[in-house]
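Computed over heavy atoms, backbone and side chain alike; hydrogens, waters and symmetry mates excluded. Order of the sequence lines fixes the chain letters, A, B, ..., with proteins taken first and strands second; residue numbering starts at 1 for each chain. These numbers come from a predicted model, not from an experiment.
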Amino acid sequence: EVQLVESGGGLVQPGASLKLSCVASGFTFSDYWMSWVRQTPGKTMEWIGDIKYDGSYTNYAPSLKNRFTISRDNAKSTLYLQMSNVRSEDTATYYCTRYYGYNCMDAWGQGASVTVSS
Amino acid sequence: DVQMTQSPSNLAASPGESVSINCKASKSISKYLAWYQQKPGKANKLLIYSGSTLQSGTPSRFSGSGSGTDFTLTIRNLEPEDFGLYYCQQHNEYPYTFGAGTKLELK
């Protein structure tokens with residue numbers, strides 16, 4: 001069974017950094033592009049970015065490119081999202097997803113909740 | 001960025017009825033439109049991709065149509081488990097973008 005389990009969320013102060021992790025199981029992690037998507041409290045979904053199966057290439061939403069970094073460790077079947085200089089508008093549930101076919105998302109984690117507040 | 005306009009934002013229906021959800025792209029996205037279902041306590045589920053291709057495991061009462069800028073998700077003969085939140089997403093060009101969502105509620 002394909003599983004994606006995010007961790008690392010919580011309450012963080014504005015301006016701080018936070019690193020989310022997503023552990024994958026049930027498939028060969030190193031064969032797949034992966035991505036991060038977030039959902040605001042108002043239920044708006046936003047694509048954050050993605051990473052090639054070997055970690056050699058990443059793409060980002062332009063509005064987040066300067067503060068968010070996606071990486072992966074294929075030996076650990078783990079995807080990461082490094083968030084820096086967080087703002088209140090980064091408050092959201094963060095999902096890792098697996099790409100299928102032409103970059104649609106056929107597997108989602110349960111999400112990690114991040115709240116940015118002082 | 002490609003803007004995705006999804007309608008309606010809310011939809012109330014009864015089991016056995018048929019409903020349609022629309023998604024309009026601000027520019028042509030060819031056929032590359034996906035539909036997802038979100039339900040509390042469950043992982044989001046890919047229902048349809050490339051406009052009309054059913055993902056493995058998606059019941060046949062779901063169907064997708066459209067190309068270019070206008071797309072529709074139709075659910076026929078609604079089952080109780082179909083109620084939830086639905087999103088469209090264009091997977092044609094970066095940055096990938098989502099519609100605002102449609103909440104399908106029990107009437």
Using a distance-only test with no angle check, is there a side-chain donor-acceptor pair under 3.5 angstrom linking [X] and [Y]?
{"X": "A:Asp106", "Y": "B:Tyr49", "result": "no"}
{"X": "A:Gln39", "Y": "B:Tyr87", "result": "yes"}
{"X": "B:Asn44", "Y": "A:Tyr95", "result": "no"}

Assess whether side chain to side chain donor-acceptor pair (under 3.5 Å) is satisfied between A:Asn103 and B:Tyr32, documenting all intermediate values.
CA-CA 9 Å; A:Asn103 291 1; B:Tyr32 298 108; over 6 Å; no
Could you look at [X] and say if it's the side chain, the backbone, both or neither that has a heavy atom under 4.5 Å from chain A?
{"X": "B:Lys103", "answer": "neither"}
{"X": "B:Tyr96", "answer": "both"}
{"X": "B:Gln90", "answer": "neither"}
{"X": "B:Leu85", "answer": "side chain"}

Under a single-linkage definition using a 4.5 Å side-chain heavy-atom cutoff for Ile, Leu, Val, Met, Phe, Trp and Tyr, are [X] and [Y] assigned to the same hydrophobic cluster?
{"X": "A:Tyr57", "Y": "A:Tyr80", "value": "no"}
{"X": "B:Leu46", "Y": "A:Leu4", "value": "no"}
{"X": "A:Met34", "Y": "A:Tyr53", "value": "no"}
{"X": "A:Tyr99", "Y": "A:Leu79", "value": "no"}
{"X": "B:Val19", "Y": "B:Leu54", "value": "yes"}

Where A:Ala61 and B:Pro95 come nearest, the two heavy atoms and their spacing
CA-CB, 4.3 Å
With a 4.5 Å cut-off on side-chain heavy atoms, are A:Val37 and B:Phe98 touching?
yes
Is there side-chain contact between A:Met45 and B:Tyr36, with at least one heavy-atom pair below 4.5 Å?
no
Can you tell me how far the [atom1] atom of [X] sits from the [atom2] atom of [Y], to the nearest 0.5 Å?
{"X": "B:Gln89", "Y": "A:Trp47", "atom1": "CD", "atom2": "CH2", "answer": "10.0 Å"}
{"X": "A:Cys104", "Y": "B:Ile48", "atom1": "SG", "atom2": "CD1", "answer": "11.5 Å"}
{"X": "B:Lys45", "Y": "A:Trp108", "atom1": "NZ", "atom2": "CH2", "answer": "14.5 Å"}

Considering residues, nucleotides and ligands other than [X], do more than 12 of their heavy atoms fall under 6.0 Å from its [atom1]?
{"X": "B:Lys39", "atom1": "NZ", "answer": "yes"}
{"X": "B:Arg61", "atom1": "CZ", "answer": "yes"}
{"X": "B:Tyr94", "atom1": "OH", "answer": "yes"}

